2 protein chains.
Amino acid sequence: MAVTAAGESRVPGAGTPDCREDSRPLIRSVLERIGDKWSVSVVCQLGESTYRFNELRRLVNPITQRMLSVTLRALERDGLVSRTVHPTMPPRVDYALTGRGLSLLDVLRDLAGWADAHAEEIGSSRAEFDAQAQ
Amino acid sequence: MAVTAAGESRVPGAGTPDCREDSRPLIRSVLERIGDKWSVSVVCQLGESTYRFNELRRLVNPITQRMLSVTLRALERDGLVSRTVHPTMPPRVDYALTGRGLSLLDVLRDLAGWADAHAEEIGSSRAEFDAQAQ
DNA sequence: CGGTATCCCACATGATACTG
DNA sequence: CAGTATCATGTGGGATACCG
């Protein structure tokens, strides 16, 4: 659904976000969430399936217990990931993407698309720049 | 143009980036470029027009001379921004987005779109989460 | 199993001063 | 004007140990 929530808080006449002063804080706020070292990997992994804490820990690169905990909590706080505790013994905790988390996955796919399309030329630019500067 | 450069380096059958293990480093590499404190603001501002160094400095929030210099150099290294020196006295240096920089602007607009669509509900989620945890 | 608490360091950014 | 050099600092994240 493409329903715009709370449209009245926007500038009248503003349709698509335009990257002018108005949108920059918004963009920054996304990047402050997913721009850290582990959020992307965790969200992408949860895009595959629901996982328990230590399953995730094994699947996501060499993430430390602490950073997985911190990252999951931040994502849960923003409603991107749900945390379900099964009060069994031993405890079982399942993490999954919410609908909002799934919508973020689409954005990440766009980022991946841009990166994929430009990775090689960016590599060339860097090599040339570094050679120039020596 | 949607031409895929160097398609042979990709996994056969891989069409759209999928956020599985393959794409995560790519996404991370974009975020390492634009996930810093100032790149988004600088790129967005250059989306408006070409600017001289001190024009940019005045237009981009309270960025320091040093960070503008560092940010511009990183963007130039990746071929996202062009730097043109006019050997006059006093010197004049113009910064502009390249075509590649403009294509990045599209991605940023998508990010802004997602953020705009979810900012309010994310705010609610955070408030609820923080209240719960106290 | 699923975490939290502590300590520590590298690095990103800021402040300030200086230069061609 | 358009930077660079130097120093100071806050914080993200790793290592390690402990807990219910």
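What you see is a predicted model, and the numbers here were worked out from it, not measured in a lab. Side chains included, hydrogens not; waters and symmetry mates left out as well; all remaining heavy atoms used. A note on names: the letters A, B, ... follow the listed sequences, proteins ahead of strands, and every chain is numbered from 1.
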Round to a whole Å and report the spacing from [atom1] of [X] to [atom2] of [N].
| X | N | atom1 | atom2 | answer |
| --- | --- | --- | --- | --- |
| B/Asn61 | C/dG14 | CG | C1' | 15 Å |
| A/Arg92 | C/dG2 | CZ | P | 8 Å |
| A/Asp36 | D/dG14 | CG | P | 10 Å |
| A/Leu68 | D/dG12 | CG | P | 18 Å |
| A/Met67 | D/dT16 | CE | C1' | 16 Å |
| A/His86 | C/dG2 | NE2 | P | 11 Å |
| A/Glu32 | C/dT13 | CD | C1' | 14 Å |
| A/Ile63 | C/dG2 | CD1 | C1' | 14 Å |

Query raised in the report: Would you call A/Leu26 and A/Val30 a side-chain contact if the rule is heavy atoms closer than 4.5 Å?
Result: no
Selected nucleotide, minimal atom distance to [X] side chain, candidates [options]:
| X | options | value |
| --- | --- | --- |
| A/Thr64 | C/dA15, D/dA15, C/dG3 | D/dA15 |
| A/Gln65 | C/dG3, C/dT13, C/dC1 | C/dG3 |
| B/Val93 | D/dA2, C/dG3, D/dG14 | D/dA2 |

Requested in this report: Classify the side-chain pair B/Ser103/B/Asp106 by whether it contains a donor and acceptor separated by less than 3.5 Å.
Outcome: no
Query raised in the report: Do A/Phe129 and B/Val93 sit in the same hydrophobic cluster, where Ile, Leu, Val, Met, Phe, Trp and Tyr count as joined when their side-chain heavy atoms come under 4.5 Å apart?
Result: no
Requested in this report: Measure from the side-chain N and O atoms of A/Arg77 to the backbone N and O of B/Ser125, and report whether any donor-acceptor pair falls under 3.5 Å.
Outcome: no
Query raised in the report: Is there a donor-acceptor pair closer than 3.5 Å between any side-chain N or O of A/Arg83 and the backbone N or O of A/Glu76?
Result: no
Query raised in the report: Would you say the side chain of A/Arg66 and the base of D/dG13 hold a donor-acceptor pair, judged only by whether the two atoms sit under 3.5 Å apart?
Result: yes
**Report entry** Distance test, side-chain N/O of A/Tyr95 to OP1/OP2 of C/dG3, below 4.0 Å
**Finding:** yes
Report task. Name the nucleic acid region contacted by A/Arg52, choosing base, sugar-phosphate or nothing; use a 4.0 angstrom heavy-atom cut-off, strictly under. Result -> sugar-phosphate
**Report entry** 5' priority, DNA chain D, between A/Pro62 and A/Pro91 [closest heavy atom]
**Finding:** A/Pro62
